[in-house]
Amino acid sequence: MPSEHWTHPEPGDGPAAVAAQPSPEQVIAGLRATSEGGAELTQLLTPEGERVSSPQFDRYVDDIDAEALKGLYRDMVLVRRADREANAMQRQGQLGIWVPLLGQEAAQIGSGRALRKGDMAFPSYREHGVAYARGVDLKEVLGIFRCTDHGGWDYKAHGFHPYTIVIGNQVLNAAGYAMGQKFEGKVGDDDSEATICYFGDGATSQGDVHEGFVWAAVYDAPLVFFCQNNQWAISEPTERQSRLPLYQRARGYGFPGIRVDGNDVLACLAVSRWALEECRHGNGPVLLEAFTYRMDAHTTTDDPTRYRLSDELEEWKLKDPIERVRAYLARGGGADQAFFDQVQADSDAFAAELREYCFNMPEPPPERIFSNVYAESTPLLDAQREEFLSYMDGFVGAGEH
């Protein structure tokens with residue numbers, strides 16, 4: 001096996017590979033740690049829908065009864081349906097591109113619902129579920145991918161920052177914001193604020209993520225680093241990016257790291273609540289690795305069949321985040337078929353609403369590109385706007401805009 005595939009094992013699984021040629025046991029232990037979750041995976045709901053007890057995290061979901069879990073189930077179903085509709089609309093030429101979240105609903109809804117009103121979330125470009133959980137109208141998210149705007153929601157009111165396309169850049173932004181919370185004395189008790197930042201396993205290979213870790217650690221910033229490890233950084237698997245499980249990287253920066261089952265909405269909610277509580281009380285940052293899987297392409301410009309096997313996809317379908325909640329609710333009598341049918345009908349109506357809006361989305365006027373660049377306009381910006389509009393007026397049919 002080539003050296004770039006070697007990984008360190010989980011703690012207690014055996015010594016790390018230090019020789020030129022690792023032993024078979026070391027190879028197996030290392031790959032299991034990066035591709036199967038490992039022994040330290042936090043899980044509260046199994047893929048079969050069975051509740052698992054956790055002395056450390058059960059208390060963080062004591063308030064989640066059957067009714068609350070039905071709400072989380074509904075969230076995930078609606079978000080998945082919206083994602084599938086947007087994917088279809090891109091194929092039909094209504095969106096320039098789409099970034100699917102299929103398979104990552106539990107990680108996003110669980111962590112998103114753990115946030116409080118005063119918290120701030122910094123997304124990458126795939127966190128449609130977190131946007132939904134923060135009360136952002138997904139119609140406004142569609143505008144980004146239709147190339148009509150950069151995100152029109154009120155970022156402060158929703159506690160949800162604009163999408164970030166540059167890989168890993170949002171980690172630095174989040175670190176700065178969280179440091180500001182610390183400097184302004186908004187940390188230290190139950191009523192304090194915290195920040196959460198989302199990024200993928202591929203982003204952990206970027207320098208911006210490393211720098212964000214350093215700054216947050218040094219200043220004890222109230223920042224939860226939420227890594228959605230969906231196993232593939234476009235076409236590169238996790239074991240090509242790291243010699244040890246990603247959550248263990250936190251050790252080198254001096255703060256805790258935990259790996260959670262990213263397909264378990266209950267575990268994601270519990271662990272996120274715990275991590276945010278740590279941050280609120282001034283205990284510094286936390287790294288959460290949500291161990292999940294990207295069930296679709298990286299974006300609609302990607303063809304995953306060129307670099308991964310169908311067997312892998314079929315294996316992860318058995319760990320579906322929505323089906324395990326459905327199984328738990330049905331088995332325990334928490335929900336009947338009428339409930340599931342109603343949720344499906346609601347999700348179809350939600351998708352139809354998004355489709356209707358997208359197909360009739362107004363085209364913004366050219367001058368809008370100059371709006372909200374700065375808090376107040378500048379002479380240079382005014383001159384650039386006038387020059388651009390004059391140029392546009394020179395085209396046939398310009399008066400129609």
Side-chain angles (χ1 to χ4, degrees), residues 1-10 16-17 22 27 30-38 40-41 99-101 103-104 107-108 111 122-127 161 163-176 178 196-218 221 223-260 262 285-294 296-299 301-304 306-308 312:
M1 178 172 290
S3 61
E4 62 263 29
H5 286 279
W6 302 350
T7 54
H8 287 295
E10 293 274 356
V27 171
L31 291 178
R32 181 177 295 115
T34 58
S35 64
E36 295 183 7
E40 296 188 6
L41 183 73
V99 185
L101 63 72
Q104 298 179 221
Q108 296 193 15
S111 60
F122 284 77
S124 61
Y125 42 70
R126 198 185 302 275
E127 278 69 52
H161 198 262
Y163 276 21
T164 303
I165 305 301
V166 179
I167 306 298
N169 182 249
Q170 71 275 14
V171 178
L172 280 178
N173 298 334
I196 191 168
C197 181
Y198 294 88
F199 52 94
D201 50 293
T204 63
S205 298
Q206 293 286 345
D208 284 1
V209 175
H210 162 75
E211 292 175 21
F213 284 1
V214 170
W215 282 97
V218 170
L223 177 55
V224 176
F225 296 104
F226 197 94
C227 174
Q228 292 177 88
N229 178 4
N230 63 22
Q231 313 300 316
W232 289 94
I234 304 183
S235 59
E236 292 294 336
T238 306
E239 62 262 25
R240 290 291 298 272
Q241 303 172 69
S242 180
R243 295 188 67 188
L244 78 168
L246 298 178
Y247 75 95
Q248 291 185 19
R249 289 188 175 183
R251 297 181 191 174
Y253 300 92
F255 52 84
I258 287 184
R259 173 178 277 182
V260 60
V286 176
L287 171 61
L288 301 182
E289 179 193 354
F291 199 76
T292 181
Y293 191 79
R294 169 165 57 80
D296 203 345
H298 177 73
T299 71
T301 63
D302 172 43
D303 179 9
R306 298 182 64 183
Y307 56 81
R308 68 184 188 190
E312 180 180 299

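Using a 4.5 Å heavy-atom cutoff, the side chains of Arg294 and Arg308 are in contact. Counting heavy atoms from C-beta on, the side chains of Thr238 and Leu246 come closer than 4.5 Å. Two residues are said to be in side-chain contact when any heavy atoms from C-beta on lie closer than 4.5 Å; Asp302 and Tyr307 meet this criterion. Thr204 has its side chain within reach of Cys227: a pair of non-hydrogen atoms, C-beta onward, lies under 4.5 Å apart. In this structure, Phe291 and Glu289 have side chains that are in contact, with non-hydrogen atoms separated by less than 4.5 Å. Taking 4.5 Å as the limit, some side-chain heavy atom of Gln228 sits within range of a side-chain heavy atom of Gln108.
Side chains of Arg126 and His298: a donor on one and an acceptor on the other come within 3.5 Å. With 3.5 Å as the limit, one finds a donor-acceptor pair spanning the side chains of Tyr293 and Glu312. In summary, the side chains of Tyr198 and Ser111 do present a donor paired with an acceptor at a separation below 3.5 Å, with no hydrogens or angles considered.
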Exercise for review: Please step through side-chain contact (heavy atoms from CB on, under 4.5 Å) for the pair Asp201 and Trp232, ending with a clear verdict.
Suggested key: CA-CA 7 Å; Asp201 50 293; Trp232 289 94; 5.6 Å; no
Practice item. Please step through side-chain hydrogen bond (donor to acceptor under 3.5 Å, both in side chains) for the pair Glu40 and Tyr247, ending with a clear verdict. Key: CA-CA 10 Å; Glu40 296 188 6; Tyr247 75 95; 2.6 Å; yes
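Tested against Phe225 for a side-chain contact (heavy atoms from CB on, under 4.5 Å), the candidates Val171, Leu288, Val286 yield a single pass: Val171.
Formation of a donor-acceptor pair under 3.5 Å by the Gln231 side chain with backbone atoms of Thr292 is found in this model. Listed for the Ser242 side chain is a donor-acceptor partner under 3.5 Å among the backbone atoms of Leu244. One N or O on the side chain of Glu127 and one on the backbone of Ser124 form a donor-acceptor pair closer than 3.5 Å.
Two rings, from Tyr253 and Phe213, have their centers less than 6.0 Å apart.
Trp215 CH2: 12 or fewer foreign heavy atoms inside a 6.0 Å radius.
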